[in-house]
Amino acid sequence: MTIGVAMPTQQSERWIADGDNVKATLEEMGYQVDLQYANDDIPTQVSQIENMISSGANALIVASIDGTTLTDVLQTAADQDIPVIAYDRLINGTENVDYYTTFDNYQVGVQQATSLLTGLGVLDENGDETGEKGPYNVELFAGSPDDNNATFFWEGAMDTLKPFMDSGVLEVPSGQTDFDQAAILRWLPETAQERMENILTIIGDTKLDGVLSPYDGLSIGIISALTSGGYSADDLPVVTGQDAEVGSVKSILAGEQYSTIFKDTRLLGETAADMVDALMHGDEPEVNDTETYDNGEKVVPSYLHESTIVTADNYEEVLVDSGYYEADELK
């Protein structure tokens with residue numbers, strides 16, 4: 001049997017690792033794998049999935065670029081009784097997605113905000129309030145508006161930060177506190193860098209204490225704008241992230257980026273493969289959430305994995321001791 005695996009881009013370390021993990025796990029199970037990357041181009045991804053279907057794929061694992069653009073091609077899959085697993089990004093607006101595997105994306109947002117508050121000293125290492133009153137100047141970034149996960153990250157983060165914003169402990173000098181203002185289309189680092197540069201122009205001499213960033217790639221662009229704008233390595237704001245990419249882990253160890261969120265994509269790949277394997281044997285895949293992920297047409301049964309905050313204090317335990325990275329990779 002052949003399994004089609006559609007991934008969004010090879011411009012991110014994270015997605016390369018995801019594709020490799022899924023492919024290796026399926027091949028160990030005895031499947032042939034057609035792995036394709038679409039380089040963040042929606043028509044290319046649609047065409048790749050069409051080709052997988054016409055080439056006889058028995059199942060599809062899809063990490064969508066835009067979760068609203070696959071309705072027609074997934075109808076074609078359904079007409080041929082090809083099951084579809086949504087991988088990390090929910091596919092919206094269609095009944096023809098059978099299962100979903102991801103992380104607890106709302107909790108990821110909570111973790112990003114919590115690490116920001118910890119880095120500022122508002123919370124201690126146990127998550128308890130320290131009594132610090134600030135005010136601390138922070139700016140907010142969100143992910144791509146066409147990625148369903150971005151809204152979950154944002155909601156988790158804002159639910160965590162809003163009490164401190166309301167009490168005056170946190171202030172947003174630019175006044176840009178809406179998702180639409182903070183969102184970065186396609187998660188592009190250069191777009192985040194441009195927005196950060198614009199914010200620095202708007203706020204003038206106001207010194208920033210923190211930046212909520214939902215992804216390591218954006219963090220790199222944000223830090224680049226900050227250093228170009230006059231911040232030195234010693235006085236950079238607390239900058240968060242996600243995905244524990246090598247470049248950002250090195251940045252954390254260099255004292256630039258403060259934190260990232262580690263999502264063990266090995267587990268995600270195993271779950272996606274296990275779901276496919278169950279379906280190919282006529283069984284029901286294991287799920288642990290049947291309420292959260294409504295794609296507008298159905299609540300998609302899901303399996304959610306947990307994520308971990310990573311800082312310079314625990315990177316070795318979380319990333320190296322677990323075998324996710326070799327120590328030499330992070331030097």
Side-chain angles (χ1 to χ4, degrees), residues 1-8 15 17-38 45-105 148-149 152 263-307:
M1 291 185 177
T2 299
I3 311 303
V5 179
M7 290 283 160
W15 289 114
D18 280 83
D20 290 345
N21 289 333
V22 173
K23 185 173 187 291
T25 306
L26 286 168
E27 288 176 343
E28 287 175 6
M29 292 177 169
Y31 296 99
Q32 297 185 50
V33 179
D34 181 4
L35 170 62
Q36 300 288 332
Y37 290 89
Q45 186 166 64
V46 172
S47 177
Q48 287 173 343
I49 296 172
E50 288 173 342
N51 290 336
M52 291 173 186
I53 294 169
S54 63
S55 297
N58 299 96
L60 297 171
I61 296 173
V62 180
S64 61
I65 297 168
D66 182 337
T68 65
T69 60
L70 301 178
T71 303
D72 291 343
V73 71
L74 294 190
Q75 183 61 55
T76 302
D79 292 342
Q80 298 185 35
D81 296 322
I82 300 171
V84 175
I85 308 298
Y87 184 95
D88 202 37
R89 294 177 173 179
L90 186 63
I91 299 171
N92 290 301
T94 176
E95 293 183 353
N96 301 315
V97 54
D98 297 279
Y99 292 91
Y100 179 39
T101 181
T102 188
F103 292 85
D104 186 336
N105 295 309
N148 190 75
N149 290 350
F152 280 94
K263 301 175 358 183
D264 194 336
T265 57
R266 295 171 300 184
L267 301 177
L268 206 59
E270 289 171 6
T271 300
D274 286 342
M275 284 180 165
V276 164
D277 193 50
L279 290 168
M280 294 301 95
H281 287 89
D283 299 324
E284 284 193 13
E286 180 183 358
V287 299
N288 59 11
D289 186 294
T290 56
E291 298 178 357
T292 305
Y293 289 96
D294 187 337
N295 76 348
E297 292 293 330
K298 65 187 288 189
V299 176
V300 183
S302 306
Y303 194 98
L304 311 183
H305 287 284
E306 296 181 354
S307 51

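Residues Phe103 and Leu304 have side chains not in contact (no heavy-atom distance under 4.5 Å, counting atoms from C-beta outward). You'll find the side chain of Ile3 stays beyond 4.5 Å of the side chain of Gln32, heavy atoms only. A 4.5 Å side-chain heavy-atom check between Asn92 and Asn148 finds at least one atom pair inside the cut-off. Looking only at side-chain heavy atoms (C-beta outward), Leu35 and Val22 stay at 4.5 Å or farther from each other. Between Pro83 and Met280, the closest side-chain pair of non-hydrogen atoms falls below 4.5 Å. Annotation: side chain of Val276 is in contact with side chain of Ile61 (closest heavy-atom distance under 4.5 Å).
In this structure, Ala63 and Pro8 approach most closely via the heavy-atom pair O-CD, 3.4 Å. Val287 and Ser302 make their closest contact through CB-O, 3.1 Å (heavy atoms, listed as atom of the first residue, atom of the second, distance). Of all heavy-atom pairs spanning Gly4 and Met52, the tightest one is CA-SD, 3.6 Å. Here the closest heavy-atom approach between residue Ala38 and residue Gln48 is recorded as CB-OE1, 3.6 Å.
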Item to check | Leu74 vs Ile91, side-chain contact (heavy atoms from CB on, under 4.5 Å): CA-CA, chis, key distance, verdict | outcome: CA-CA 10 Å; Leu74 294 190; Ile91 299 171; 3.7 Å; yes
Item to check | Step-by-step side-chain contact (heavy atoms from CB on, under 4.5 Å) determination, Tyr87 to Asp18 | outcome: CA-CA 10 Å; Tyr87 184 95; Asp18 280 83; 2.4 Å; yes
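Environment of CG in Asn51: crowded, with over 12 heavy atoms of neighbouring residues, nucleotides or ligands closer than 6.0 Å.
Partners of Asn295 by side chain to side chain donor-acceptor pair (under 3.5 Å), not counting sequence neighbours: none found. Scored by the side-chain contact (heavy atoms from CB on, under 4.5 Å) test, Glu27 finds Lys23, Val33 as partners (sequence neighbours excluded). By the side-chain contact (heavy atoms from CB on, under 4.5 Å) test, Ala273 pairs with Thr25, Leu26, Met29, sequence neighbours left out. Every residue two or more places apart in sequence or in another chain was checked for a ring pair (Phe, Tyr, Trp, His ring centres under 6.0 Å) with Tyr99, and none qualifies. Scored by the side chain to side chain donor-acceptor pair (under 3.5 Å) test, Asp66 finds Thr68 as partners (sequence neighbours excluded). Not counting sequence neighbours, the partners of Asp289 by the side chain to side chain donor-acceptor pair (under 3.5 Å) test are Thr292. With sequence neighbours excluded, no residue forms a side-chain contact (heavy atoms from CB on, under 4.5 Å) with Glu306.
Applying the side chain to side chain donor-acceptor pair (under 3.5 Å) definition to pairs two or more places apart or across chains, those involving residues 270-283 are Tyr31-Asp277, Thr271-His305, Asp277-His281. Counting only residues at least two apart or on different chains, the side chain to side chain donor-acceptor pair (under 3.5 Å) pairs with a member in residues 73-86 are Gln75-Asp79, Gln75-Asn96. Note on residues 88-103: pairs passing salt bridge (charged side-chain N to carboxylate O under 4.0 Å, His left out), not counting sequence neighbours, are Arg14-Asp88, Asp88-Lys263, Arg89-Asp147. Annotation: salt bridge (charged side-chain N to carboxylate O under 4.0 Å, His left out) contacts involving residues 290-304, sequence neighbours excluded, are absent. Listed by first then second residue, pairs satisfying ring pair (Phe, Tyr, Trp, His ring centres under 6.0 Å) with a partner in residues 282-302 read Tyr100-Tyr293, Phe152-Tyr293, not counting sequence neighbours.
With values rounded to the nearest 0.5 angstrom, Leu268 atom CG is found 9.0 Å from Asn21 atom CG. Between atom OH of residue Tyr303 and atom OG1 of residue Thr101 there is a gap of 8.5 Å, rounded to the nearest 0.5 Å. Of the inter-residue distances, the one linking Asp72 atom CG with Thr94 atom OG1 reads 9.0 Å to the nearest 0.5 angstrom.
No option in Leu279, Ile53, Ile49 other than Ile53 meets the side-chain contact (heavy atoms from CB on, under 4.5 Å) test with Ile82. Of the listed residues (Thr69, Ile65, Val73), just one forms a side-chain contact (heavy atoms from CB on, under 4.5 Å) with Gln45, and that residue is Ile65.
For Gln36 and Asp34, the side-chain atoms include at least one donor-acceptor pair closer than 3.5 Å.
When atom types are taken as modelled, the side chain of Tyr37 and the backbone of Trp15 share a donor-acceptor pair closer than 3.5 angstrom.
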